[in-house]
Amino acid sequence: MNDALRSLLDLLALERIEQDIFRGESRASVVPRVFGGQVAAQALVAAGRTVPADRPPHSLHAYFLRPGDPGAPIVYTVDRIRDGRSFTTRRVVAVQHGQPIFHLSASFQTHEEGLEHQEPMPTAPDPLTLPSPAEILPRHAGRYLTPAVADRLLEARAAIDLRYVDEPPYATVGEPREPRSQVWFRTNGDLDKALADGADTVTRPLFDICLVTYVSDMTLLDSILLAHGRGGWAVGDVVGASLDHAMWFHRPLRADDWLLYDQESPTAQSGRGLGKGRIFTADGALAVSVIQEGVIRVPRE
């Protein structure tokens with residue numbers, strides 16, 4: 001099994017320290033703060049551990065309040081807001097050094113039959129025809145702030161095979177493009193085997209959703225950068241951070257199967273930009289919708 005994938009699953013295996021209180025480890029990110037996708041995924045794990053296994057999450061809404069310290073653990077306190085016949089609601093506050101750094105509201109639902117329709121899946125090439133991170137990141141090393149950036153990115157994303165359909169922002173600095181981006185992604189390894197090898201405490205369907213939550217924060221603001229020909233933090237021509245994050249889980253998915261993340265940005269203004277994303281399974285099912293707003297600022301001279 002991929003060691004990086006095992007490490008990521010261990011990161012999501014929170015320690016229960018009291019009734020509805022959990023502790024998660026942190027780890028260094030490619031920026032000097034805890035990766036937002038990690039906090040969101042861990043908070044969803046904490047919420048899910050207080051909900052019956054037959055009620056998967058159908059939505060989450062979250063705010064990033066303060067930068068997380070990657071050198072300290074994070075404590076997650078779950079508030080049981082509501083337990084209804086069909087829906088369950090949880091609120092989670094993540095705390096470090098006595099201060100809240102993240103707030104999540106999540107809703108869970110029992111399975112229910114109902115009306116169905118969806119947008120069609122956009123066209124995209126076969127992911128296996130696209131360059132892997134190990135192939136594309138070193139190719140653009142001359143554009144990065146330091147030569148070590150490529151290694152840091154590869155290490156941070158070693159658990160995830162993430163492939164851009166078109167060139168990523170750092171590859172086309174100075175060339176504004178349409179504010180759209182697509183990536184294919186899946187875990188670097190079989191999740192059934194990984195979960196069987198570890199002492200994980202949540203169900204496979206919840207782990208799939210939490211892993212997709214983790215990945216959803218990696219590239220969603222790329223389309224904002226593309227519209228302005230900016231390369232991002234790796235190049236140093238913008239500074240930014242996630243402000244809030246919302247996700248709706250429509251249909252089942254498997255995080256170790258290829259998923260297409262179709263992303264766009266309808267607007268940027270006032271030092272903020274909005275990203276919208278849709279995640280499709282390889283057979284065309286619309287599985288997840290995502291919206292995020294982030295701070296996007298051009299550094300002052």
Side-chain angles (χ1 to χ4, degrees), residues 4-53 55-83 88-108 155-156 159-160 194-195 198-218 241-247 249 255 292-295:
L5 178 57
R6 181 69 260 167
S7 176
L8 176 55
L9 296 183
D10 289 343
L11 197 68
L12 299 182
L14 305 182
E15 174 191 4
R16 186 190 295 271
I17 58 176
E18 185 50 86
Q19 174 76 9
D20 298 344
I21 302 176
F22 303 87
R23 179 164 49 212
E25 296 301 316
S26 297
R27 67 179 181 187
S29 178
V30 291
V31 291
R33 58 179 180 268
V34 176
F35 170 51
Q38 174 202 309
V39 185
Q42 287 181 326
L44 190 56
V45 168
R49 297 225 351 226
T50 70
V51 176
R55 295 193 177 198
H58 75 84
S59 70
L60 66 82
H61 301 262
Y63 282 93
F64 298 91
L65 305 175
R66 293 179 174 86
D69 175 4
I74 305 173
V75 174
Y76 296 91
T77 301
V78 181
D79 191 358
R80 300 187 184 223
I81 300 297
R82 179 175 182 267
D83 290 290
T88 296
T89 306
R90 295 291 184 261
R91 180 172 59 208
V92 184
V93 178
V95 176
Q96 269 189 326
H97 307 304
Q99 292 187 312
I101 65 168
F102 178 82
H103 175 277
L104 172 94
S105 292
S107 184
F108 301 74
E155 181 179 0
I160 307 297
L195 294 174
D200 302 299
T201 53
V202 300
T203 64
R204 167 67 198 262
L206 179 59
F207 246 129
D208 283 309
I209 288 175
C210 291
L211 285 167
V212 169
T213 300
Y214 177 88
V215 178
S216 69
D217 190 38
M218 286 183 173
S242 303
L243 288 172
D244 56 12
H245 197 80
M247 302 181 72
F249 307 102
Q292 182 183 89
E293 189 173 45
V295 172

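Residue numbers count from 1 along this sequence.
- No option in V45, T50, V92 other than T50 meets the side-chain contact (heavy atoms from CB on, under 4.5 Å) test with F22.
- Take S105 and apply the side chain to side chain contact (heavy atoms under 4.5 Å, CB included) test, not counting sequence neighbours, and it matches R91, H103.
- The structure places CD of Q42 at 11.0 Å from CG of L44, a figure rounded to the nearest 0.5 Å.
- Across D79, I81, V78, a single residue satisfies side-chain contact (heavy atoms from CB on, under 4.5 Å) together with R90, and that is V78.
- Listed here is the closest heavy atom pair of R49 and L14: NH1-O, 2.7 Å.
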Give the intermediate values and the outcome of side chain to side chain contact (heavy atoms under 4.5 Å, CB included) for residues V51 and L206.
CA-CA 11 Å; V51 176; L206 179 59; over 6 Å; no
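- Within the 3.5 Å criterion, the main-chain N or O of P70 finds no donor-acceptor partner in the side chain of Q96.
- Of the possible polar contacts, none joining the E25 side chain to the A13 backbone as a donor-acceptor pair under 3.5 Å is found.
- Here A94 pairs with V39, I74, Y76, I101, F102 under the side chain to side chain contact (heavy atoms under 4.5 Å, CB included) rule; sequence neighbours left out.
- Across every non-hydrogen atom of S216 and H245, the tightest pair is OG-NE2, 3.0 Å.
- Under the side chain to side chain donor-acceptor pair (under 3.5 Å) criterion, S59 pairs with no residue, sequence neighbours left out.
- For V95, the side chain to side chain contact (heavy atoms under 4.5 Å, CB included) partners two or more places apart in sequence, or in a different chain, are V93.
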Apply side chain to side chain contact (heavy atoms under 4.5 Å, CB included) to residues I21 and V75 and explain how you reach the verdict.
CA-CA 7 Å; I21 302 176; V75 174; 3.7 Å; yes
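- Contact check for L9 versus L211: side-chain heavy atoms found under the 4.5 Å cut-off.
- Within a 6.0 Å radius of CD in E155, no more than 12 heavy atoms belonging to other residues, nucleotides or ligands are found.
- Remark: Y214 engages F35 in a ring-ring contact (aromatic ring centres under 6.0 Å, His included) (not counting sequence neighbours).
- Minimum interatomic distance between D217 and Q292 (heavy atoms only, all atoms of both residues): OD1-NE2, 2.7 Å.
- A donor-acceptor pair under 3.5 Å is absent between the side-chain atoms of D83 and the main chain of T88, judged by distance alone.
- Side-chain atoms of F64 and V295, non-hydrogen and from C-beta on, never get closer than 4.5 Å to each other.
- One finds the SG atom of C210 at 11.5 Å from the CG atom of L11 (value rounded to the nearest 0.5 Å).
- For A53, the side chain to side chain contact (heavy atoms under 4.5 Å, CB included) partners two or more places apart in sequence, or in a different chain, are T203.
- Here the closest non-hydrogen pair linking S26 and Q38 is CA-NE2, 3.7 Å.
- The nearest pair of heavy atoms linking L104 to A62 is CD1-CB, 3.9 Å.
- Shortest non-hydrogen contact noted between A255 and R204 is N-NH2, 4.3 Å.
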